[in-house]
Amino acid sequence: MTSHDQTTRRGLLKRAGGIAAAGAAVAAGAGTFAAPHVARAAGQPVKWRMQALWDANTTPMKFEQLFADRVKELTGGGFEIQTFTAGQLVPANQAFDAVRAGAFQMMKTFDGYEAGKIPAFAFTSTVPFGFPESDQYEAWFYEKGGLDMAREAYGKAGLMYIAPTVYGQEPIHSKVKISSIEEFQGKKGRFVGLASSVMGAMGVAVTPLPTAEVYSALEKGVIDIADRGDLTANLQAGLAEVAKFIILPGVHQPTTATSYVANKAAYEALPAEYKAVLAVAARETSAALRQHIVVQDVASLAKYREAGVEIVELDPADIRANRAKAEAQWRVATKDDALATRILDSQVGFMKELGLLG
């Protein structure tokens, strides 16, 4: 960080009333989220462990380490978060309960994994056919009350939702050319979570295969189309070899939010300054990863084209025309849960303000 950056950050926080106030502003959705170093708390440094979603040496995992490094930097070494890759502490599907029980203090998760138990989580992870721009989805969290509602959902489970990391679409890889939503009809596809029911409503015969089986299922013709991960991860997994079309935007997952979530007791034991730093570092990481993916996607698409893959762009008007059909499935996914319904109503209202829904 340059001395100019440090001066600017101090000035911002001075106007905001100090780092604790700045952190509260971040949590409430204020636009100012920079922070200077804070004075190190007396005594031994706070040490947490965090298990992430990602495998080692992947781009998202590198950004989780940057998040941890930023927390340490902003606290002058007073708050250290040791990062672990997916499954390194507990199997990924046990992380939710492990953090709640205090086995470790923090996780990076995808809320949709627990949507079967907590319907609200279906809408704080991704909305199929929903917000087409990641800035719109992030604005819902920070400007339309989404952050508070996510915290309410996690609070009922004895956990503390800190902040989302919001980024863009995941593509659909296809063995056949699909140029419209109507052409999904009759295709066999791999989708998971809320995307399964929404894509099913579009006529896809859905098979919720594990990620590790996507390549072989496409290769053998078990499925015609598939969701798997982001463009770069899918390139590295070899999908260009078995699916010669990429359908964009990935309407099943047009924008994505993963979540920093902490054990509630561990979070409440932190000094206010450290809580503020978590919020600041999380929002900085969200922006940094999103910008990196924008650049990374351009390079990956060029490599797909070099491998003979055709990129097919769906018509935005076609997507908008089918959003109402998707909305019917969103309603089903609330399971008449009061909080899930409130979240969906908030998102639908914002989509209408943005002109995405009539």
Side-chain angles (χ1 to χ4, degrees), residues 52-67 69-70 108 110 125-141 164-181 183-184 189-191 195 211 214-215 218 225-258 282-320 354 356:
L53 287 162
W54 325 108
D55 293 331
N57 302 317
T58 59
T59 295
M61 190 64 211
K62 292 174 183 176
F63 276 81
E64 303 306 352
Q65 186 58 52
L66 289 174
F67 164 77
D69 292 345
R70 189 71 170 129
K108 186 63 174 297
F110 180 74
S125 48
T126 187
V127 185
F129 280 79
F131 298 106
E133 301 292 338
S134 51
D135 278 347
Q136 294 169 342
Y137 198 17
E138 190 167 65
W140 174 76
F141 278 100
T165 298
V166 182
Y167 52 96
Q169 65 179 324
E170 293 194 353
I172 295 173
H173 293 261
S174 180
K175 295 177 72 70
V176 297
K177 187 170 183 176
I178 295 174
S179 301
S180 68
I181 302 301
E183 291 177 9
F184 282 109
R190 183 268 185 185
F191 298 96
T211 301
V214 170
Y215 180 98
L218 284 167
I225 59 177
D227 155 52
R228 183 190 179 278
D230 65 54
L231 283 163
T232 300
N234 295 348
L235 182 67
Q236 294 167 345
L239 293 200
E241 302 165 5
V242 294
K244 290 303 180 180
F245 299 91
I246 290 177
I247 316 303
L248 298 178
V251 290
H252 68 293
Q253 193 166 325
T255 48
T256 306
T258 55
R283 196 163 185 189
E284 286 185 355
T285 301
S286 180
L289 176 62
R290 183 162 63 252
Q291 291 157 10
H292 180 82
I293 289 174
V294 168
V295 175
Q296 185 175 257
D297 281 356
V298 172
S300 293
L301 284 171
K303 292 177 181 178
Y304 278 112
R305 291 188 176 99
E306 290 171 5
V309 176
E310 181 179 346
I311 313 302
V312 182
E313 297 278 354
L314 296 174
D315 185 347
D318 189 20
I319 296 170
R320 189 183 190 284
L354 293 169
L356 300 173

Task: Under 3.5 Å side-chain donor-acceptor pair for Thr256 and Thr126 - done: no

- [ ] Return the set of residues passing salt bridge (charged side-chain N to carboxylate O under 4.0 Å, His left out) with Asp135 (not counting sequence neighbours), or none when no residue passes.
- [x] Arg290

- [ ] Check the pair Asn234 / Thr232 against side-chain contact (heavy atoms from CB on, under 4.5 Å), numbers first and verdict last.
- [x] CA-CA 5 Å; Asn234 295 348; Thr232 300; over 6 Å; no

TODO: With sequence neighbours excluded, tell me which residues meet side chain to side chain donor-acceptor pair (under 3.5 Å) with Asp315.
DONE: none

Open item on the list: Is the shortest side-chain heavy-atom distance between Thr285 and Leu66 below 4.5 Å?
Closed with: no

Task: Heavy-atom pair of closest approach, residues Asn57 and Lys62 - done: O-CE, 3.9 Å

TODO: Calculate, to the nearest 0.5 Å, the distance between atoms CZ and OG belonging to Phe184 and Ser179 respectively.
DONE: 10.0 Å

Task: Residue list, salt bridge (charged side-chain N to carboxylate O under 4.0 Å, His left out) with Lys177, at least two apart or on another chain - done: Glu310

TODO: Give, for atom CD of Glu183 and atom CD1 of Ile181, the distance between the pair rounded to the nearest 0.5 Å.
DONE: 9.5 Å

Task: Partners passing salt bridge (charged side-chain N to carboxylate O under 4.0 Å, His left out) against Asp230 (at least two apart in sequence or in another chain) - done: none

Open item on the list: Name the residue from Ile225, Ile172, Val312 that meets the side-chain contact (heavy atoms from CB on, under 4.5 Å) definition with Ile178.
Closed with: Ile225

- [ ] Identify the heavy atoms of Gly229 and Pro171 that sit nearest to each other, and give their distance.
- [x] O-CD, 3.2 Å

TODO: Considering non-hydrogen atoms only, spot the tightest contact between Gly168 and Ser134 and give its length.
DONE: N-CB, 4.1 Å

Open item on the list: Over 60° means perpendicular and under 30° means parallel, so tell me whether Tyr137 and Trp140 are parallel, tilted or perpendicular.
Closed with: parallel

Task: Distance-only donor-acceptor check, side chains Ser286 and Glu138, under 3.5 Å - done: yes

- [ ] Go through the steps to decide whether Thr258 and Trp54 satisfy the test side-chain contact (heavy atoms from CB on, under 4.5 Å), and finish with yes or no.
- [x] CA-CA 11 Å; Thr258 55; Trp54 325 108; 3.9 Å; yes

Task: Flag, side chain of Gln291 to backbone of Ala288, donor-acceptor distance under 3.5 Å - done: no

TODO: Report the C-alpha distance between Val294 and Tyr167 in whole Å, list the side-chain angles of each, state the deciding distance to 0.1 Å, and finish with yes or no for side-chain contact (heavy atoms from CB on, under 4.5 Å).
DONE: CA-CA 9 Å; Val294 168; Tyr167 52 96; over 6 Å; no

TODO: Quick one: do Arg190 and Thr211 satisfy side-chain contact (heavy atoms from CB on, under 4.5 Å)? Show the steps, please.
DONE: CA-CA 9 Å; Arg190 183 268 185 185; Thr211 301; 3.2 Å; yes

Task: Nearest non-hydrogen partners of Met61 and Ala52, listed with the distance - done: SD-CB, 3.7 Å

For residues 235-251, dump all side-chain donor-acceptor pairs below 3.5 Å to protein atoms at least two apart in sequence or in another chain.
unit_1: Glu241; atom_1: OE1; unit_2: Tyr215; atom_2: OH; d: 2.6
unit_1: Lys244; atom_1: NZ; unit_2: Ala240; atom_2: O; d: 2.9
unit_1: Lys244; atom_1: NZ; unit_2: Ala307; atom_2: O; d: 2.9

Task: From CZ (Phe67) to CG (Leu289), nearest 0.5 Å - done: 13.0 Å

- [ ] State the CD-CG distance between Glu64 and Asp69, to the nearest 0.5 angstrom.
- [x] 11.5 Å

- [ ] Examine distances only and state if a side-chain atom of Thr255 and a backbone atom of Phe131 form a donor-acceptor pair shorter than 3.5 Å.
- [x] yes

Task: Pair Arg283-Thr165, side-chain donor/acceptor within less than 3.5 Å - done: no

TODO: For Pro254 and Gly130, work out which heavy atoms get closest and say how close.
DONE: CG-N, 3.8 Å

TODO: Would you check if His292 and Thr59 make a side-chain contact, meaning some heavy-atom pair closer than 4.5 Å?
DONE: yes

Open item on the list: Once ring-ring contact (aromatic ring centres under 6.0 Å, His included) is applied, what residue pairs with a partner in residues 294-314 remain, sequence neighbours excluded?
Closed with: His173-Tyr304

